[in-house]
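Comments concern the structure below.
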Amino acid sequence: MFSAELKKGSSEMLILSLLEARPRHGYEIGKLIQARSGGRLTFALPTLYPTLLRLENRGWIKGRWIEKPGERRRCFYRLTPDGRRKLVEQRRTWEAFIDTVKAVMGPSRA
Amino acid sequence: MRDWDHYVRTHLSLPALAREREARILRELSSQLEDFYREAIAGGMTDAEADAYARAQVTDWPQLAATLTDVDRPHARGQLGRWSDRLDDHARETRGRWLTVADLWLDVRYACRRLLAQPLFTAVVVLTLALGIGANTAIFSIIDTLLLESLPVDRPRELVLLNPDGLRNGWTTGNLTWSYPAYRGLRDAQRVFSGLIAERTDGVNLTIDGATERATASIVSGNYFDVLGVRPVIGRLLSETDDRTRGGHPVVVLSYGFWVERFGMRPEIVGRDVRIGGHPFSVVGIADRHFNGLEVGGTVDLFVPAMMLPQVVNYRGALDSRTAYIFNVYGRLEGGGGRAQAEAQLRPLYLTELEQDVAAMAARQPSNDRWRQGRIVLEDGHRGTSALRRDLRTPLSAVMAMTILLLAITCANIASLQIARASARMKEISIRLAIGASRSRVVRQLLIESAVIVSLGAVAAVIVADVTVRGLLGEMGEAANRLELVTTFLDTRVLIFTVAVAGATTVLVGLVPALLTTRPAVWPALRAGVAAEIGGQLRVRRVLVVAQLALSLVLVTAAGLFGRTVYNLRHADTGFQTDRLVQFQLNPGAAGYDPQQCVAVFGQALDAIRALAGVDAATLAVAPLLDNALIGFGLDVEGYSNRDSRARAGATVVAPGYFVMVGTPLLRGRDFSDADTAGSRRVAIVSETFMKRYLPTVDPVGRTITFDFGGQKRFQHEIVGVAKDARLNNLRDAPRPTFYLPYTQFDVLNNSFFMVRGAVDPSRLRRSIEEVVRRLDANLPVIGYITLDEQIDRLLRPERLVASLSLSFGLLATLLGAIGLYGVMTFAVVRRTREIGLRMALGADRAAVVRMVLRGAAGMAVVGIGLGSVLAFALGRYVDSQLYGIRGGDLVTLGGAAAVLAAVVLASGWLPARRASRVDPMLALRYE
């Protein structure tokens, strides 16, 4: 529903924030984004996975293969301390951006 | 069910990425596709629909590949990596996964991580290895240079030394077995060798810029450098054109070492004029860096043409005398073979020369039939001659044996430590084996760990070796300094040796524990708390400790034996008094004095020195004390006749008052006096042994002895006194027949040593003496000034070297043994914690526990010391010849060593024993 450019700007921040609570694996992240956005935001595998790798190469998240009892082995990603710092920073930037845009556009006329 | 792995792999390949990265990405993608598939199935779709659903997640595979490659660029790999991958693929196909580069690298990294996780263990092992391997490398490099290596010349194996068979003349020493005319005659006539060279070594007076110093010169035939194939560094070397006319070639070549030491590598010295023996010479070149003459371990400063010999040593008839045997002769046998044939061809030629020599000897023909056969023996010349080698050969072998022992102990220690460490990882290893890791894989990983640690140790060992070589060379004296300059000790051969030793150590130290801990019987250790199988390993470790103790005992005993030898030698009865005595040499002959002038200047010097403040007494003797310098003579003794062998004795030439000054009492007759001059009746004094051997039944006083210096003239001296035996040559040799002549009646006097006893500090005394001599003649240097204590130290250098080395080895070995024992005891105590707790609960007190633990240590000690004693006793025989005043099987020394070792065992066993006694029975009984 939202254009590719819009999604691109926020995808990294979304992933980081989803990992804030606990580590998750790739499939879970994709599904969670879809669920929480009520289906309005979807990241296809060919987009999501490379982003995960990019975040990992930057050192903001770290993947580990874990075998949970009763399940297959999966690669769980978690935030690194750097990632946490980055998330805080990006949130702040994002919120500032929203406020700025709102201020520029002024109150909407019904 | 769908094989998503296979699906992803057929659609996606990322060749530009590292193998593991690619594998990981593929795995993860297939995992996610499988999640999609399952989700669809769970949602109620059919298998085919779910399949299509999952597949629809990625439609553009090439695009995905491009994106992933782009994202993962940091992990991209270069050409080397791709090439290594190809090797790995090949290996996998042909040999299974055993030897892939990636796996090896993994193992290495894993090994490094594990070693870093236990820094103390790693440090101890690396240090132990460095010392064990380093010591071996150092000794080997010295042995290699002195005993094994060939001369740095062209095709050294072609060189042979020509030695007339049976030559034992009264007037030759060492290898000098050729007169100059005989050499030239043979050289001109022969066609066996492609080159025949002659050389000898002399000390000469070198004057540069007005200052005179002593230097060592190699006097050589013109073709010397050409035949040897030595090249110059600067300028030119001597050639045949420098060998034509007597006295007509005043040119000299410097050795590289002398050039560095004395002239600081300044090139301007080439072309300059110097004086040798007072005669002008011109420096024409510097010889090759590694070439140090034909005497290994000696120092050569100058190379002088043979034609200039009379000028340099002021011995005018040197080149013409047929009876002065003063040269070594070497030949180059092309192709290196055919010695028997060469010897046969040489014989008639040599006989011609021999006949002329013998004719010149006239009345004094040697009765040596063997020599007159005219056989020449060709000996190996590729290693030159070496006095240093002769001196050090036996001690060096003993030292090498000790270092090998030390290395064995080191390996035993490390093996024991490795076993301990491996058994601590039993659980991990057995799990890996149980899951299916191949035994060879696990063994390989353990071996790699050993390899890594031994490599670190080897690198450290090279450093230790370098330091050790320098230290050892320091102990070997001045000759060694020059050696250090011109030879590389730690060269490729030595490094290969180090690597070989390191490799062998790896196998020994890594394989045994590796095999032990991966025995299939070990797998059940999964459940066991404290694996019973470790008991077997404990036994092995005990055996290792016992072996270590035994070998340590041998080394400590050796240290005791050599230490006592040095002590005995130092305090040996020399037959004269050595306190407050200094010795130096004056060589006016080299400065151009004739014998009468020498006598005169010596008299003046003695008077002047005796007049110095603080000097109690001074005298002179041509043969210096304790420097192996007695001159050998064959002589006729009135009243002694023996058809088979002529009388032989060592001689020295002394001043009146010598015996009193030096402290050797006269047993009969009188000392020389000032009345014994060149014009009066010739007299001599003989030693006790001389009297016992040649005139046992009659009074020697009044008899005459007759000898010559190799020429026509014969000298008759009447014996006027008998002196007590004195060890003039060195500390070990039993006294030999000796006779003394007064210096005023010695016709070929050209240099002498002086002995001064004084209450003055030696360096102040030196300055005073130099001042006195300088006033007599500014061209006369004081040579080789040394106190007699230093001289004795110098003489004892090989023995001191061996003693200090064996002491260090003994200490090190004992330390290692103590560490090993401590480790085993601690481990044993931990293992028996439960038992100890039980005992204590049942009433055993702490002392009883300590006794129990110490009994274990004592058991190992008894066996180890017992074995070691047998070994030490047996090996003692082999070093008998090097000892002095003590036999190799000396029980006192052995007992002392055993006591030391027992004390060490007690000390290192005490701590674990104490820990055992502190065991809390309550905790122990719960311990699992």
Side-chain angles (χ1 to χ4, degrees), chain A residues 4-5 7-9 11-16 18-19 23-36 39 41-78 80 82-83 86, chain B residues 1-5 7-9 11-14 16-18 20-43 50-77 106 431 435:
Chain A
E5 283 95 49
K7 286 202 283 190
K8 206 157 160 206
S11 60
E12 291 185 355
M13 190 180 64
L14 286 176
I15 295 175
L16 289 178
L18 282 178
L19 294 179
R24 301 177 199 278
H25 60 88
Y27 175 74
E28 186 186 352
I29 293 173
K31 285 295 156 189
L32 207 52
I33 293 177
Q34 196 180 30
R36 286 205 190 164
L41 218 51
T42 51
F43 283 98
L45 181 52
T47 319
L48 181 60
Y49 187 62
T51 314
L52 277 177
L53 274 189
R54 195 179 297 125
L55 288 175
E56 193 186 41
N57 283 341
R58 287 214 201 109
W60 297 345
I61 65 179
K62 185 119 178 78
R64 244 175 92 180
W65 286 90
I66 296 186
E67 186 177 333
K68 295 223 166 131
E71 291 182 16
R72 268 184 9 257
R73 263 178 105 208
R74 286 207 185 83
C75 189
F76 280 80
Y77 293 92
R78 61 174 170 81
T80 63
D82 271 349
K86 203 68 195 175
Chain B
M1 277 291 126
R2 232 249 195 248
D3 186 355
W4 292 105
D5 260 339
Y7 176 73
V8 170
R9 239 180 295 155
H11 284 86
L12 186 64
S13 79
L14 304 162
L17 298 185
E20 312 95 63
R21 288 303 285 184
E22 185 192 18
R24 176 262 176 98
I25 290 173
L26 293 178
R27 224 182 310 142
E28 200 169 345
L29 284 173
S30 78
S31 166
Q32 295 207 19
L33 286 184
E34 180 154 359
D35 281 330
F36 279 104
Y37 172 82
R38 284 181 197 252
E39 174 203 342
I41 294 282
D51 193 71
Y53 173 66
R55 288 213 239 164
Q57 297 306 312
V58 184
T59 47
D60 194 347
W61 285 100
Q63 174 63 40
L64 180 58
T67 316
L68 286 172
T69 308
D70 198 41
V71 167
D72 222 29
R73 196 151 292 278
H75 293 275
R77 59 218 314 262
L106 263 175
I431 290 175
I435 305 179

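As a basis for the values below, the full set of heavy atoms in this structure was taken, side chains included, without hydrogen atoms, waters or symmetry mates. As the structure is a prediction and not an experimental result, all values here were calculated from the model. Chain naming here is simple, since letters A, B, ... match the order of the sequence lines and numbering starts at 1 in each.
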query: Can you say whether A/Arg72 sits under 4.5 Å from chain B via the side chain, the backbone, both, or neither, judging by heavy atoms?
result: side chain
statement: Honestly, the part of A/Glu56 sitting under 4.5 Å from a heavy atom of chain B is side chain
How close do [X] and [Y] get, counting heavy atoms only, and between which atoms?
| X | Y | result |
| --- | --- | --- |
| B/Leu64 | A/Pro50 | CD1-CG, 4.0 Å |
| A/Gly63 | B/Arg24 | CA-NH2, 4.3 Å |
| B/Arg21 | A/Asn57 | NH2-OD1, 3.5 Å |

query: Highest number of heavy-atom pairs under 4.5 Å with chain A: which of B/Glu28, B/Arg27, B/Gln57?
result: B/Glu28
task: Heavy atoms only, distances under 4.5 angstrom: which of B/Thr59, B/Ile25, B/Leu33 has the most pairs with chain A? Name it, please.
output: B/Ile25
- prompt: Roughly how far apart are B/Glu39 CD and A/Tyr27 OH, rounded to 0.5 Å?
  reply: 3.0 Å
field: Proximity breakdown for B/Thr67 and chain A, heavy-atom pairs closer than 4.5 Å
entry: side chain
query: Between the side chains of A/Tyr49 and B/Gln32, does any donor sit under 3.5 Å from an acceptor?
result: no
message: Test side-chain contact (heavy atoms from CB on, under 4.5 Å) on B/Asp35 and A/Lys31; report intermediate values, then the result.
response: CA-CA 11 Å; B/Asp35 281 330; A/Lys31 285 295 156 189; over 6 Å; no
